[in-house]
Amino acid sequence: MPSPVLQKPLKLSCIQLASGADKAANLLHAREKVLEAAKAGANLVVLPECFNSPYGCDYFPSYAETLLPSPPSPNQSPSFNSLSSTAAEAKVFLVGGSIPEVEVDKDGKKKYYNTSLTFGPDGKLLATHRKVHLFDIDIPGKITFRESDVLTAGDKLTLVDLPGYGRIAVAICYDVRFPELAMIAARRGAFALIYPGAFSTTTGPLHWRLQGQARAMDNQCYVALCSPARDMKATYHAWGHSLIVDPMAQVVVEAEESETIVSWELDGAKIDETRKGIPIYTQRRFDVYPDVNKGKIRFD
Ligand SMILES: O=C(O)CCC(=O)C(=O)O
């Protein structure tokens with residue numbers, strides 16, 4: 001019997017892409033790696049956060065592309081057009097990591113976002129997620145990062161229906177630290193929570209795996225975290241370690257820090273079996289605490 005959340009098995013591949021300062025080269029390289037994953041049987045391919053640029057507040061404005069009105073012209077957004085044609089060529093669902101986006105209002109004022117685009121195997125845009133929780137942290141002597149100095153936060157959760165399979169949720173990096181977002185998505189039927197991300201070498205070793213496992217354990221679904229490869233010449237050193245976690249919260253595949261592709265076949269039966277064995281889905285006590293899945297929730 002098909003699972004109520006994942007209708008048939010799906011091969012998920014996370015590309016831990018090595019990218020640099022040359023956007024056009026990054027787009028070409030991403031295309032090659034997506035085609036490689038597709039050739040190896042992937043149905044859903046994920047790229048990392050800021051896969052077409054170096055990661056950092058100084059880079060957002062100069063790399064930003066205009067995505068609205070959608071679809072943008074190749075001139076406004078080479079990344080949109082490259083991701084769309086790559087998804088169609090590879091015939092895969094493609095979560096296009098994230099890219100810096102610029103939106104210009106009628107008075108010419110600019111707003112920047114950290115934005116993820118998801119395409120279908122026909123190259124059509126299925127969803128847009130603007131990072132909801134901006135990465136503002138200060139760990140003295142280790143790392144200070146303030147995306148909000150440059151970026152505006154998105155204001156919607158993103159659920160994406162993949163025809164023939166089921167529903168995924170897409171969010172970006174720091175968004176993984178907010179269990180509410182993950183829980184709402186899973187309670188609304190997501191079989192996998194997909195996070196393009198770029199944890200640093202400070203919080204990566206402490207929290208990256210743990211966050212992935214925690215979101216999978218709380219929600220009894222698959223979780224994928226897809227990082228850029230580490231580049232010690234870049235200003236930001238990404239942790240790498242792209243991974244996929246199963247509904248029992250086991251890390252089933254994990255990369256090291258260099259460029260690679262990690263893949264796993266997701267199976268709805270594993271979700272059903274986990275939820276049957278540990279039935280937290282039917283044991284919640286909304287008479288004792290509130291239901292996060294109720295009330296005003298904004299979706300893409
Ligand atoms: O939460 C963290 O420690 C890292 C988050 C991050 O790197 C990001 O949001 O891009």
- Message: Looking at every heavy atom in both Ala229 and Ser258, which two are closest together, and how far apart are they?
- Response: CB-C, 3.8 Å
- When clusters are formed by joining ILVMFWY residues with side-chain heavy atoms under 4.5 Å apart, either directly or through shared neighbours, do Ile168 and Leu193 land in the same one? no
- Query: Within a reach of under 6.0 Å around CG of Asn75, are more than 12 heavy atoms found that belong to other residues, nucleotides or ligands?
  - Reply: no
- Do other residues, nucleotides or ligands put more than 12 heavy atoms under 6.0 Å from Met183 CE? yes
- Query: Can you name the residues that form a salt bridge (Lys or Arg N to Asp or Glu O under 4.0 Å) with Arg275, not counting sequence neighbours?
  - Reply: none
- Would you mind checking if Glu273 and Lys276 are paired as a salt bridge, meaning a charged N to carboxylate O distance below 4.0 Å? no
- Message: Against Glu103, only a single residue in Arg130, Lys109, Lys111 fulfils salt bridge (charged side-chain N to carboxylate O under 4.0 Å, His left out); can you say which?
- Response: Arg130
- Message: How long is the straight-line distance from CZ of Phe51 back to CD1 of Ile15, given to the nearest 0.5 Å?
- Response: 10.0 Å
- CZ of Arg167 to CG of Leu6, rounded to nearest 0.5 Å, is 13.5 Å
- Message: Are Ile271 and Val160 connected into the same hydrophobic cluster when the rule is that any two of I, L, V, M, F, W, Y join if their side-chain heavy atoms are below 4.5 Å apart?
- Response: yes
- Query: Side-chain contact, heavy-atom cut-off 4.5 Å: Phe299 with Arg188?
  - Reply: yes
- Query: Hey, is the main chain of Ala249 close enough, under 3.5 Å, to the side chain of Gln213 for a donor-acceptor pair?
  - Reply: yes
- What distance separates Thr152 OG1 from Tyr113 OH, expressed to the nearest 0.5 Å? 5.0 Å
- Item | Euclidean distance, Leu44 CG relative to Leu12 CG, rounded to 0.5 Å | 5.0 Å
- Output the distance between atom CG (Leu125) and atom CZ (Phe80), rounded to the nearest 0.5 Å. 4.5 Å
- Query: On the ring face of Phe119, is Lys124 found with NZ or CZ under 6.0 Å from the centre and within 45° of the axis?
  - Reply: no
- Tyr55 and Phe145: aromatic ring centres closer than 6.0 Å? yes
- Query: Using the ring of each side chain (for Trp, its six-membered ring), is Trp239 parallel, tilted or perpendicular to His241, with breaks at 30° and 60°?
  - Reply: parallel
- Task: Hey, could you give me the OG/NZ distance between Ser3 and Lys270, rounded to the nearest 0.5 Å?
- Result: 13.0 Å
- Heavy atoms only: give me the nearest Asn293-Ile184 pair and the separation to one decimal. OD1-CG2, 3.7 Å
